[in-house]
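All remarks here apply to the structure that follows.
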Amino acid sequence: MLARASELFLPTLREPPSDAEAASHKLLVRGGFIRQVGAGLWTFLPLGWRVHQKVIQIIREEINAIGGQEMLCPVLTPAELWELSGRITIPQVFRLKDRTGRDFVLGFTHEETMAFHARELQSYKQLPQVWYHFSTKARDEPRPRGGLLRVREFIMKDSYSFDRDFEGLDKSFDKHKQAYDKIFERCGLEVHFVEAESGIMGGKESSGYLAPTGSGENTLIRCENGDYFADYDAARGIPRAPGFPPRLEAPTEIETPDATTIESLAALLGIDPASTSKAMPVVAGDRVVLALVRGDDRLSEEKLVTALGVAYRPATDAEIRDTFGAGGGSIGPVGAKVDVVADDTLREGQFVAGANRDGWHLRGVEAGRDYEPRFADIRQANAGDACPNCGGKLEAQTAIELGHIFKLGTFYSEPFGAKFVDEDGQENPIVMGSYGIGPARTMAAIVEQHHDDRGIEWPAAVAPYDVHIVVIPGQEEHAESIATSLSVAGLDVLVDDRDARAGEKFADADLIGCPVRVTVGRKVAEDGTVDVRERAEGEDKAVSVSELVSTVRERLG
RNA sequence: CGGGGCGUAGCUCAGCCUGGUUAGAGUGCUGCCUUUGGGAGGCAGAAGUCGCGAGUUCGAAUCUCGCCGCCCCGACCA
């Protein structure tokens, strides 16, 4: 395949758009891969679409390899489907009406539609199934950002597995996991599989794939020794041990005027903030619950939801005073007539806690002796915590979530009545899983991980073209025949035949980032050689035209 | 949805505070000359509803109000 720069719509820019911050945003726009149409709405220009298609093809091959069957569901779906699952109430749902006033939803995933089709599965003999499609998703995002990192409309590969039981689901899940590992590896990405929250998807267990990058919205917690990776929200770090004051036989009141923050309290008492406890009153359902973490820790909202099993909200000032008889900065677990969920770090030792009396705290408060909590892991892990596997130091790194896989169970099949009959003639709900990957995000992550100050360094598997030929003015005829021979050999070739200076062409070639560059200059007429350079390496090497095809193939790996 | 910022040529921006001929620069674009292995130089040229609407004024890119769009932080979130 041969493309000529003189004919391509390839609008490269010398400067990045003023509103771009992420490297992928800047370089994809500058390189003429994408253009913004509105907030979170992007057009893929010819080169960008080629890369997107290459990513899609890799995903397709790997999902086909685990038995996935490609199909295509509509973007526009009747609102009734979303009422059945209950997801109609999610704020991000794009809703609209047709001319007769009927309600529709622009899908943001396709669990509902796929469960609808799964009603045609009737027998255990038809299971398992894996169905997938590449389709456009719409999300009414409150805040799109970062180029392709967070958008309102995007193409997603989502596959759905249908099994007769949870054992089957585990197998389908593992197959996808393996497929995803291969996909990201083929894309040249460093990606880590981590536990994550189910969020709006519904279902039991979910896991994300995080690519560490320079820009992104997620945080990857990783051990310096490389044996532990986790999503920030779910990470389990081991905090340092506090410096405890001498042990007390019983809690002792101490006056702490104006000390309503941990910092002021620790300073006033001259103690380690880690030897205090922090009380966060929340309302779950119709009851008040006191969440207790160490003074130097932050409460993880996600972990607390998991521990409580339901969503919650912070208690209001009035509710706090009503329940504890004191203000927010002076409350504690001792004597409080509410359930207490204490973080595991509070199991051992004596801590300073609020006395449920304005301006007073208690020293020497001990779990088990002075209050009866339920223990759970509800603290947010921090960089600097010790690794739960090896004790090494945990680090935090910005990341992009490229994929998310869920064990949905019967969350959708039950309301949709997607059932099958087993060997004994019994009806059972189909057990589902869902598995998403965003090709555009993947593309952005590749740029984040593969670029330098001059431009992109595409891995060969996803590059828009294999070879970028820079034609030095005066060598057009030689270049044309070289381009043709590379193309005939099965390589994708971009030949820069524009009437432009060499420097400009080199700069564009670096920006666009095809893996191999061939410069056809004066030497081709003198000794029959051209210069071959790998984008990621930056060294020109003279290669005779007769060996060019094999050399380029070799360089592409 | 809360806070902040921006909107002037394809792109990056100046001009606005302190209203006043025909609205500027760099880059990009077109033509010609020169040049030709890392965005070279020269000459000539095209290109702007100054986001939209109202208002104040003899006069508005500039002042006031409203709206819209976009970006950043937060909240929210695959």
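Each chain gets a letter, A, B and so on, in the order its sequence line appears, and its residues count up from 1.
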Sugar-phosphate, base or nothing in reach of [X], heavy atoms under 4.0 Å:
X: A/Tyr435; result: nothing
X: A/Gly436; result: nothing
X: A/Gly146; result: sugar-phosphate

Measure from [atom1] on [X] to [atom2] on [N] and round the result to the nearest Å.
X: A/Leu149; N: B/C72; atom1: CG; atom2: C1'; result: 14 Å
X: A/Arg498; N: B/G38; atom1: CZ; atom2: C1'; result: 13 Å
X: A/Lys26; N: B/C11; atom1: NZ; atom2: C1'; result: 15 Å
X: A/Glu141; N: B/G74; atom1: CD; atom2: P; result: 15 Å
X: A/Arg313; N: B/A75; atom1: CZ; atom2: C1'; result: 17 Å
X: A/Phe108; N: B/C76; atom1: CZ; atom2: P; result: 18 Å
X: A/Asp233; N: B/A75; atom1: CG; atom2: P; result: 12 Å
X: A/Asp508; N: B/U27; atom1: CG; atom2: P; result: 17 Å

Need to verify one output field. Residue with the more 5' nearest nucleotide on RNA chain B, A/Glu301 or A/Ala502?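 It is A/Ala502, whose closest nucleotide lies nearer the 5' terminus.
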
Let me know, please, whether A/Gly438 or A/Ala500 comes out on the 5' side of the other along RNA chain B by nearest nucleotide.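 Here A/Ala500 is the residue nearer the 5' end.
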
A/Phe104 ring centre to A/Arg95 NZ or CZ under 6.0 Å, with the angle to the axis within 45°?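 No, A/Arg95 does not lie over the aromatic ring of A/Phe104.
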
On the six-membered ring of A/Phe154, is A/Lys137 placed so that its NZ or CZ lies under 6.0 angstrom from the centre and within 45° of the ring axis?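 No.
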
Taking the [atom1] atom of each, how far is [N] from [M], in whole Å?
N: B/A23; M: B/G48; atom1: C1'; value: 9 Å
N: B/U8; M: B/A47; atom1: C1'; value: 14 Å
N: B/G42; M: B/U49; atom1: C1'; value: 35 Å
N: B/A75; M: B/A46; atom1: C1'; value: 49 Å
N: B/C63; M: B/U22; atom1: C1'; value: 23 Å
N: B/U36; M: B/G7; atom1: C1'; value: 41 Å
N: B/C50; M: B/G24; atom1: C1'; value: 12 Å
N: B/G51; M: B/G5; atom1: C1'; value: 16 Å

What pairs of nitrogen or oxygen atoms, one from the protein and one from nucleotides 13-15 of chain B, lie under 3.5 Å apart?
| residue | atom | partner | partner atom | Å |
| --- | --- | --- | --- | --- |
| B/C13 | OP2 | A/Ser18 | OG | 3.4 |

Give a yes or no on whether a salt bridge exists between [X] and [Y], defined as a side-chain N under 4.0 angstrom from a carboxylate O.
X: A/Lys278; Y: A/Asp296; result: no
X: A/Arg152; Y: A/Glu141; result: no
X: A/Glu190; Y: A/Arg222; result: yes
X: A/Asp496; Y: A/Arg4; result: no

Nearest 0.5 angstrom please: [X] [atom1] to [Y] [atom2], how far?
X: A/Cys514; Y: A/Trp458; atom1: SG; atom2: CH2; answer: 10.0 Å
X: A/Ile59; Y: A/Ile437; atom1: CD1; atom2: CD1; answer: 4.5 Å
X: A/Asp499; Y: A/Glu476; atom1: CG; atom2: CD; answer: 8.0 Å
X: A/Arg298; Y: A/Gln380; atom1: CZ; atom2: CD; answer: 6.0 Å

Compare the minimum distances between each of [options] and the side chain of [X], then state the nucleotide with the smallest one.
X: A/Asp540; options: B/G38, B/C71, B/G37; result: B/G37
X: A/Arg152; options: B/U36, B/C70, B/C76; result: B/C70
X: A/Arg501; options: B/C77, B/G37, B/U35; result: B/U35
X: A/Asp19; options: B/U36, B/C71, B/G38; result: B/C71
X: A/Arg30; options: B/C70, B/C77, B/G39; result: B/G39
X: A/Arg150; options: B/G39, B/C72, B/C77; result: B/C77
X: A/Arg143; options: B/U36, B/G37, B/C73; result: B/C73

Among A/Thr113, A/Val130, A/Thr109, which residue meets the side-chain contact (heavy atoms from CB on, under 4.5 Å) test with A/Tyr160?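 That would be A/Thr109.
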
Applying side-chain contact (heavy atoms from CB on, under 4.5 Å) between A/Leu220 and each of A/Asp231, A/Val191, A/Val194, report the one that passes.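 That would be A/Val194; it is the only one of A/Asp231, A/Val191, A/Val194 passing the side-chain contact (heavy atoms from CB on, under 4.5 Å) with A/Leu220.
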
Is the closest side-chain heavy-atom distance between A/Val470 and A/His468 below 4.5 Å?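 A side-chain contact exists here, since the closest heavy-atom pair is under 4.5 Å.
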
Strand contacts (RNA chain B) in residues 31-46 of chain A, 4.0 angstrom heavy-atom criterion: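 Nucleic-acid contacts, sorted: A/Gln36, A/Gly38, A/Ala39.
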
Of the residues in residues 9-17 of chain A, which ones touch RNA chain B at a heavy-atom distance under 4.0 Å?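 Within residues 9-17 of chain A, the residues near RNA chain B are A/Arg14, A/Glu15, A/Pro16, A/Pro17.
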
Considering only distance and modelled atom types, tabulate donor-acceptor pairs under 3.5 Å from the side chains of residues 68-81 of chain A, sequence neighbours left out.
| residue | atom | partner | partner atom | Å |
| --- | --- | --- | --- | --- |
| A/Gln69 | NE2 | A/Gln129 | OE1 | 2.8 |
| A/Glu70 | OE1 | A/Arg60 | NE | 2.6 |
| A/Glu70 | OE1 | A/Tyr132 | OH | 3.3 |
| A/Glu70 | OE2 | A/Arg60 | NH2 | 3.0 |
| A/Thr77 | OG1 | A/Trp82 | NE1 | 2.8 |
| A/Thr77 | OG1 | A/Val105 | O | 3.0 |

Please give the stem ranges for RNA chain B, sorted by first residue number, where a stem is three or more consecutive Watson-Crick or G-U pairs and both donor-acceptor distances are under 3.5 Å.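 Stem segments, range with range: B:1-7 with B:68-74, B:10-13 with B:24-27, B:29-33 with B:41-45, B:51-55 with B:63-67.
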
Sorted by first residue and then second, give each salt bridge (charged side-chain N to carboxylate O under 4.0 Å, His left out) pair with at least one member in residues 5-23 of chain A; sequence neighbours left out.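 Of all non-adjacent pairs touching residues 5-23 of chain A, none passes salt bridge (charged side-chain N to carboxylate O under 4.0 Å, His left out).
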
Evaluate the ring planes of A/Tyr180 and A/Tyr209, with Trp represented by its six-membered ring, and classify them as parallel (under 30°), tilted (30 to 60°) or perpendicular (over 60°).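 Plane angle between 30° and 60°, so tilted.
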
Going by atom types alone, do A/Ser159 and A/Lys157 pair a side-chain donor with an acceptor below 3.5 Å?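 Indeed, the side chains of A/Ser159 and A/Lys157 share at least one donor-acceptor pair under 3.5 Å.
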
Donor-acceptor pair present, A/Arg517 side chain and B/G37 base, under 3.5 Å: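 Side chain to base: no pair below 3.5 Å.
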
